[in-house]
Amino acid sequence: MAEQAETLRRAPLSRDRVLRAAVALADEAGIESLSMRKLAQELGVVPMALYKHVANKDELLDGMIDVVVGEIEPLVPDADWKRALRRRILAARQVLLRHPWAALAIESRLDATPAVLDYLDAMVGAMRDGGFSTDLAHHVMHAMGSRMLGFSQELFDTSRRAGRSGPADPEPPATFPAEAAARFPHLAAIAGAASHDDGSVVGEGCDDQFEFEFALDLLLDGIDRLRAQGWSSARRP
C-alpha cells in the first residue's frame, strides 16, 4: 500500500488527478477542511503546481462536483419514463450519500456545472420522450427541485442549515416536551408515530431513504396524472 501511494504521488499531475484527490479529501474530512495547500500536500507538489490545472478554489469545487455527478449511472432507456427517472434519481442519491459534502456544494453554486446540466438535460429528455410537453416538463423541474439530483432539504435537517457537510449528530433528540406537546398536539402526535432509523437527519423515528422515496413517488404519481390529462399551465384554473 505504501508503495502504491508513493507511485501515485510520483505520477504526472493532471486535472483529473487533482480533482479526484480533492474529492477524496472532502470525503474524508469535509469540504470545509479542503484547501489548496492541503491538496498540494496530499499530491506531493507545491501549491502553485495546482493552478496549472484549476484556476482557483471555485473552479476546483466545480470540477469536484462534476467528478461526483459523473459517478451516477447513465439514464437507462425505458418506455416507462417514471421508472427511468426513479431509477436514476435513486442512483444519484446513493452517489451523494457516498460524498456527503456534495449536495451542499451543488446548492452553493450560482451556475450549474457542465455535468449537472448534462444530467438534467437527459432527465428532461426522458420526460419529453415519455409524452411530456415542454410546458409540463418545465414545471416538473420546479416541483422536483433538488430531488431530481437525489437529495432534498429536509425540514428538520439542522446539520445542513449549519453548513456541516457530514452526517447529522447521532445523538437522538429529546422526547417531545409535555409543555410543547400541549401547545403543538399535531406535531407531538407525528413525532412518536414512526420507528424507523435512529440515525436519520429528519429526527428519531424517520427513515431517510423511506421518506425520500415516499415523497418522490408522491410527486411522480401526481406528475403522471397531469401528463395523462394533457395538463398545460395556460389552462390552469
Side-chain angles (χ1 to χ4, degrees), residues 23 26-27 30-31 65 67-76 78 80-109 112-113 115-116 118-124 126-127 130 132 136-137 139-173 186-187 189-227:
V23 167
D27 288 346
I31 196 70
I65 290 170
V67 168
V68 170
V69 175
E71 294 178 13
I72 302 170
E73 67 180 41
L75 190 67
V76 178
D78 195 317
D80 184 340
W81 68 269
K82 185 162 60 173
R83 183 167 53 207
L85 260 62
R86 189 181 194 277
R87 181 188 299 125
R88 199 180 193 206
I89 288 170
L90 294 180
R93 180 170 175 79
Q94 291 306 308
V95 169
L96 293 186
L97 288 174
R98 294 202 301 267
H99 305 285
W101 54 270
L104 198 59
I106 291 170
E107 285 186 331
S108 73
R109 311 314 290 156
T113 67
V116 170
D118 184 66
Y119 175 97
L120 296 175
D121 186 72
M123 300 295 265
V124 173
M127 286 189 279
F132 283 64
L136 179 56
H139 290 288
V140 167
M141 295 298 283
H142 278 290
M144 293 288 286
S146 66
R147 286 187 190 278
M148 191 66 78
L149 279 158
F151 69 95
S152 64
Q153 176 60 66
E154 299 292 356
L155 182 61
F156 300 112
D157 183 0
T158 56
S159 67
R160 291 184 62 208
R161 280 200 294 272
R164 297 202 303 270
S165 60
D169 190 332
E171 184 69 23
H186 302 301
L187 289 179
I190 66 169
S195 57
H196 297 298
D197 179 8
D198 290 342
S200 167
V201 298
V202 294
E204 185 179 19
C206 294
D207 179 330
D208 281 354
Q209 186 67 23
F210 175 85
E211 305 300 350
F212 184 87
E213 293 189 35
F214 176 76
L216 177 61
D217 288 337
L218 284 178
L219 284 165
L220 291 176
D221 288 347
I223 290 163
D224 196 26
R225 285 195 295 274
L226 294 180
R227 181 199 58 80

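Because the structure is predicted, anything quoted here is derived from the model rather than measured.
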- request: Would you sort out whether Asp27 and Arg98 count as a side-chain contact (heavy atoms from CB on, under 4.5 Å), showing the intermediate values?
  value: CA-CA 8 Å; Asp27 288 346; Arg98 294 202 301 267; over 6 Å; no
message: If you apply the rule side-chain contact (heavy atoms from CB on, under 4.5 Å), what do you find for Arg88 with Val76, and how did you get there?
response: CA-CA 8 Å; Arg88 199 180 193 206; Val76 178; over 6 Å; no
- request: Decide yes or no on side-chain contact (heavy atoms from CB on, under 4.5 Å) for His99 and Glu71, but give the supporting numbers first.
  value: CA-CA 11 Å; His99 305 285; Glu71 294 178 13; 2.9 Å; yes
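Remark: the backbone N or O of Met148 is paired with a side-chain donor or acceptor of Tyr119 at under 3.5 angstrom. The main-chain N or O of Asp78 is never found under 3.5 Å from a side-chain atom of Arg83 such that the two would form a donor-acceptor pair.
The side-chain heavy atoms of Asp221 and Lys82, taken from C-beta on, include a pair separated by under 4.5 Å.
Separating the CG atom in Leu149 from the CG atom in Leu120 is a distance of 5.0 Å, to the nearest 0.5 Å. Summarising the geometry, atom CG belonging to Asp224 is positioned 5.0 Å from atom CH2 belonging to Trp81; distances are rounded to the nearest 0.5 Å. Atom CD1 of Ile65 sits about 6.5 Å away from atom CH2 of Trp101, to the nearest 0.5 Å. One distance of note links CZ of Arg87 with CG of Leu85; it measures 10.5 Å at 0.5 Å rounding. If you take CD1 on Ile89 and CG on Leu75, they are separated by 10.0 Å, rounding to the nearest 0.5 Å. If you take CE on Met127 and CD1 on Ile223, they are separated by 7.5 Å, rounding to the nearest 0.5 Å.
Minimum heavy-atom separation, Ala137 to Val124: CB-CG1, 4.4 Å. Residue Val69 comes nearest to Ala115 through the heavy atom pair CG1-O, 3.7 Å, listed as atom of the first residue, atom of the second, then distance. Between Ser146 and Ser152, the closest heavy-atom pair is OG-CA, 3.4 Å.
Applying the side chain to side chain contact (heavy atoms under 4.5 Å, CB included) criterion to Ala143, with sequence neighbours excluded, gives no partner residue. Remark: Arg86 pairs with Leu90, Glu213, Leu216, Asp217, Leu220 by the side chain to side chain contact (heavy atoms under 4.5 Å, CB included) rule, at least two apart or across chains.
Both tests do not hold together for Arg93 against Phe151: distance to the six-membered ring centre under 6.0 Å, angle to the ring axis within 45°.
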